[in-house]
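To find a chain, count down the sequence lines: A is the first, B the second, and so on, and within it residues start at 1.
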2 protein chains.
Amino acid sequence: MHLQSLEVFRAVARHRTITGAAAELRYTQSAVSRQVAALEAEVGVRLFDRLPRGVALTEEGRSLLGHAEAVLDRLAAARRDLADLRGLGAGRVRLGAFPTAVAALVPRAMAAFRSAHPDVALTLVEGLTPALLERLAAGDADVAVVSAPPDRPLDDARVRLRHLLDEHLLVAVPRGHRLARRRVVRLAEFADDYWIAGSATVEDTLLRSTLPRGFRPRVDIVAAEWTGKLGCVAAGLGVALVPELAARATPADLALLRLHADDASARRVFAATPAGRTRSPAVRVLLDHLVRSAADL
Amino acid sequence: MHLQSLEVFRAVARHRTITGAAAELRYTQSAVSRQVAALEAEVGVRLFDRLPRGVALTEEGRSLLGHAEAVLDRLAAARRDLADLRGLGAGRVRLGAFPTAVAALVPRAMAAFRSAHPDVALTLVEGLTPALLERLAAGDADVAVVSAPPDRPLDDARVRLRHLLDEHLLVAVPRGHRLARRRVVRLAEFADDYWIAGSATVEDTLLRSTLPRGFRPRVDIVAAEWTGKLGCVAAGLGVALVPELAARATPADLALLRLHADDASARRVFAATPAGRTRSPAVRVLLDHLVRSAADL
DNA sequence: GCGAGACATTCGTGGCCGGCATGGATGTCG
DNA sequence: CGACATCCATGCCGGCCACGAATGTCTCGC
């Protein structure tokens, strides 16, 4: 059964005339006549009674008409949806991001995207880079904001990376700290300070791995949450390492000092999409928003 | 857009492999590959990502898949409905009948039809013959049980008639009436009886028109309803004319006598269907039930 | 490094579906 | 009552499309 036959059938049913339907469809009368005949032969029943002044639906024709209209309407809906998808009037993007990216970078990009394309369903899942790459490969996510330590670049062939920014490490110190006015500091200058660590969280491990050899911080306070950690710093209990992306969440009563490049090289941050998969327009636009958001940070 | 393309698309989406879908559909791989490519070209977006080990739906593909499945399912439903219609598993028949036919003939046929084909929607409208013929011509009814006086045969070219029965006139008399034991009577024998008439109802007019000239019944009771009319007869207040079809509604305490053919010729009863219109299987079966019901009456 | 598996592409051909023209049936009007 | 108009059916033919077969290309796995 051909869709065109159904369209012809619907037109004939509406016009109650083969000739009229042919005119509407820009066909000749003979073409429509044979279309109807073919459709009737295919379904094995008469769909129209031939009257002297046109045609009239039979009971079977009435039955088929309902279905034909439903089918054609649904098809129109499909076309509309595809057009919407192309024009970002619909669709879905599943975004993943590592935790500190969710502090400022990702929410800004999401907000900008949402206000520009409110009809695209945009979801976010927080996770660590390896898990996010798995999600991408499994098709459970469309975009992932991931990070790579400088010494071990991401070389996952399954994903395609778009560089967003290089994240530096900051040191959070209380406003009254002796180094609070400096812009760039060396780790060695903190040899006598107490450090407030992030416990055994993976962020902590990650940060630790970027530190230069030979630096052994004195740690006696472990705070898992950023708020607690920075609260301790503000209270003068010590200093703490803060990734640049999380800097937006720091209160005003402490200072953030950039570490010298030799002490902690930058962590690279990318937006990853599945390699070899076409990126929907929505995904492409979201990537652009991420890049812009990273530049404005 | 071709339906076949949608089927191919669905199969490929299910198999996640063009080759596999081709095997299921009994096509060559190349055919399916080009079908997919053509569909993608038509909608203007990529529906599948080509992976080394098969294909994967894109966002647009997922969108289309839902519609495609809906369309194909609806089409299957259409085919099922048409098959049901042929097998009397569905459909609709709108029946019309003149009032006295609804007394026994039509209800019996309807009951038989309904028990045989419970899934066919059968409706009944009571009306007079001219109105029923109008309904038929207008397409508002599928079958009409109509009657024709013997002297003025139905010659409406718009309908096709199937003869059901010839209806004779009966005379209802009380059980104790002097003629109660007779089977056939002449009107002249009732010259001294009082008649109970049906008022100005159309049935009465119709009956009166079939009576022979020269017979002037003595009427002093007019009862519109059959129950009242026959109640009067049973009470010995007089006699009444009863059309054969209404005879089933008569109580047991009165006798029904057939009139001699010379006094009142039979009224012909037909089942009418629109001329030139194909009769659905359900209509044909209903006609058969009407014929059988008329024969058994 | 080679074979297996998957998709893409090219080429030739048969079938299907248009338009064109004609025929048949029916209703209408002078 | 005959000519005309209207509408549907059908025979014929040409073009286009889609299929099959074969080949090319890429990737993965052994």
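Residues A/D49 and A/T58 bring no donor and acceptor atom of their side chains to less than 3.5 Å of each other. With no hydrogens or angles considered, no side-chain donor-acceptor pair links B/Q29 and B/T19 at under 3.5 Å.
A salt bridge is absent between A/R135 and A/D142: the closest approach of a Lys/Arg side-chain nitrogen to an acidic carboxylate oxygen does not fall below 4.0 angstrom. A salt bridge links A/R14 with A/E24: the closest approach of a Lys/Arg side-chain nitrogen to an acidic carboxylate oxygen falls below 4.0 angstrom. Taking 4.0 Å as the cut-off between side-chain N and carboxylate O, A/E40 and A/R50 count as a salt-bridged pair.
More than 12 heavy atoms of other residues, nucleotides or ligands shown are found within 6.0 angstrom of CZ on B/R74.
Between B/R26 atom CZ and D/dG20 atom P the separation is 12 Å, expressed in whole Å. Summarising the geometry, the separation between CG on A/L39 and P on C/dC17 is reported as 11 Å, rounded to the nearest angstrom.
In the region residues 1-13 of chain A, proximity to DNA chain C at under 4.0 angstrom, judged on heavy atoms, holds for A/H2, A/Q4.
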Quiz prompt | Contact letters for nucleotides 2-15 of chain C, in which S counts primed atoms plus P, OP1 and OP2 and B counts the base, heavy atoms under 4.0 Å | solution = ----SBBB------

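Under the side chain to side chain donor-acceptor pair (under 3.5 Å) test applied with A/Y27, the options A/Q4, A/R34, A/Q35 reduce to a single match, A/Q4.
Remark: A/M1 CE to B/R79 CZ distance equals 4.0 Å, nearest 0.5 Å.
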